[in-house]
J.: 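Below: one structure in structure tokens.
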Amino acid sequence: MPAEETPLPRALGIAWGVETAPTRGPRRGLSHDAIVRSAIDLADAGGLGAVTMARVAEALGFTTMSLYRYVTSKEELVVLMQDAAATHPRELDVATDDWRQGLRDVAHLQLDVFARHPWILDVPLSVQGVLMPNAMRFADATYRAMRTLPADDALKQSVLLSLSMFVRVFGQLRRDLGAAGTPDISPATITLLAQVVTPERYPDLAPVFRSGGYTGEDPGGGDGTDDFAVGLELFLDGLDAHVSRAAEGGG
């Protein structure tokens with residue numbers, strides 16, 4: 001392997017500071033950071049589909065070919081964007097003496113990132129993505145939150161994965177429902193559905209319609225119930241029960 005190459009994928013090398021900027025070509029005003037920030041601005045304004053190498057170059061006042069000296073493809077750029085956008089304006093402080101509160105803190109921090117940059121949810125999940133610096137910061141904060149959790153590293157890794165997926169799916173749900181504007185399911189629609197969702201056809205679901213359980217509201221707001229908080233507490237309750245059984249020898 002040539003001395004100038006790195007065993008890391010190029011995007012990882014750039015993010016971790018191992019891959020250096022080119023020494024030739026246009027340099028004034030052009031850098032990895034400037035390119036990534038410009039691409040993030042485009043994505044925040046118009047979604048991930050609005051990001052092209054040509055548009056980023058135009059926003060920066062350079063030619064498209066100039067960008068390719070810094071990033072080799074849009075795919076590489078998107079990985080860098082995802083990591084840069086995952087920064088948080090405040091430190092990832094979590095309560096180290098209360099693992100439940102610590103995990104709540106981390107979950108809400110991650111949900112906030114999705115709210116500020118919804119296009120991140122359109123970036124395919126990848127091993128490379130979770131190895132980026134800011135993804136590692138979130139992982140580190142999650143482990144810090146679990147300092148007092150009586151669990152081994154294998155369980156803590158499962159908690160990290162499961163909690164991240166819960167927050168991601170809920171972030172996508174909020175984004176998609178928010179993009180739809182007013183709820184598609186109105187109270188009048190629920191009333192009509194209650195006439196066809198009968199006890200004979202759906203014996204366990206029908207009572208929910210009649211009791212008002214199906215409201216058609218955006219989860220986490222309309223009826224005063226924060227569905228994200230409820231789901232998070234169910235997750236934490238289950239984890240609490242699991243570690244308690246393990247401590248009692250129940251496996």
Side-chain angles (χ1 to χ4, degrees), residues 1-2 4-92 109-141 164-165 167-169 171-181:
M1 177 181 297
E4 66 272 11
E5 291 187 3
T6 170
L8 291 175
R10 182 178 164 85
L12 277 172
I14 293 172
W16 286 101
V18 177
E19 184 82 23
T20 58
T23 57
R24 293 185 299 173
R27 299 184 63 185
R28 182 176 298 176
L30 195 59
S31 65
H32 288 129
D33 183 67
I35 293 169
V36 170
R37 292 296 167 187
S38 179
I40 289 174
D41 289 342
L42 288 172
D44 286 345
L48 198 57
V51 179
T52 66
M53 299 292 276
R55 287 178 178 173
V56 174
E58 181 181 7
L60 291 169
F62 289 91
T63 66
T64 304
M65 289 306 298
S66 299
L67 263 62
Y68 282 108
R69 298 185 61 82
Y70 291 80
V71 288
T72 59
S73 65
K74 178 181 174 179
E75 290 73 23
E76 183 176 282
L77 176 58
V78 168
V79 174
L80 295 169
M81 291 167 57
Q82 178 186 24
D83 183 65
T87 57
H88 204 276
R90 55 192 173 91
E91 289 300 314
L92 299 180
L109 286 169
Q110 188 177 7
L111 189 65
D112 181 61
V113 168
F114 293 144
R116 289 186 290 114
H117 305 288
W119 54 266
I120 292 179
L121 295 161
D122 294 323
V123 179
L125 296 174
S126 67
V127 174
Q128 185 174 189
V130 302
L131 296 178
M132 298 293 277
N134 282 312
M136 290 289 195
R137 288 182 67 235
F138 270 103
D140 181 67
S164 296
M165 290 302 96
V167 177
R168 183 182 180 89
V169 170
Q172 186 171 5
L173 178 64
R174 283 188 169 177
R175 180 200 63 176
D176 293 349
L177 291 180

J.: Over all heavy atoms of both residues, which pair between Arg116 and Asp44 is shortest? Give the atoms and the distance, please.
T.: O-OD1, 4.0 Å
J.: Using side-chain heavy atoms (C-beta onward) and a distance below 4.5 Å, is Trp119 in contact with Met81?
T.: yes
J.: Looking at side-chain heavy atoms only, is the closest gap between Ile40 and Val36 below 4.5 Å?
T.: yes
J.: So, do Phe62 and Arg69 sit near enough that their side-chain heavy atoms are less than 4.5 Å apart?
T.: no
J.: Got a second to check how far Asn134's CG is from Thr87's OG1, nearest 0.5 Å?
T.: 5.5 Å
J.: Looking only at non-hydrogen atoms, find the nearest pair between Thr64 and Ala54 and report the distance.
T.: OG1-CA, 3.4 Å
J.: Under a 4.0 Å N-O cut-off, is there an ion pair linking Arg37 with Asp41?
T.: no
J.: Can you find a pair of side-chain heavy atoms, one from Met132 and one from Leu80, that are under 4.5 Å apart?
T.: yes
J.: Pair Val51, Val78 - check side chain to side chain contact (heavy atoms under 4.5 Å, CB included), show working.
T.: CA-CA 9 Å; Val51 179; Val78 168; 5.6 Å; no
J.: Any idea which heavy atoms bring Ile120 and Arg168 closest together, and the distance?
T.: O-NH2, 3.8 Å
J.: Could you go through the side chain to side chain contact (heavy atoms under 4.5 Å, CB included) check for Phe114 and Arg175 one step at a time?
T.: CA-CA 8 Å; Phe114 293 144; Arg175 180 200 63 176; over 6 Å; no
J.: If you apply the rule side chain to side chain contact (heavy atoms under 4.5 Å, CB included), what do you find for Tyr70 with Ile14, and how did you get there?
T.: CA-CA 9 Å; Tyr70 291 80; Ile14 293 172; over 6 Å; no
J.: If every non-hydrogen atom of Ala135 is compared with every non-hydrogen atom of Gly129, which pair is closest and at what distance?
T.: CB-O, 3.4 Å
J.: Compare every heavy atom of Arg55 with every heavy atom of Gly49, then report the nearest pair and how far apart it is.
T.: O-NH1, 4.1 Å
J.: Find the distance between CD (Gln82) and CG (Asp122) and round it off to the nearest 0.5 Å.
T.: 11.0 Å
J.: Do the non-hydrogen side-chain atoms of Met165 and Leu125 ever get within less than 4.5 Å of each other?
T.: yes
J.: Taking the side chain as everything from C-beta on, heavy atoms only, tell me whether Leu30 gets closer than 4.5 Å to Leu67.
T.: yes
J.: Looking at every non-hydrogen atom in both residues, tell me the closest pair between Ala11 and Gln128 and how far apart they are.
T.: CB-OE1, 3.2 Å
J.: How many angstroms lie between CD in Glu76 and CD1 in Ile35, if you round to the nearest 0.5 Å?
T.: 10.0 Å
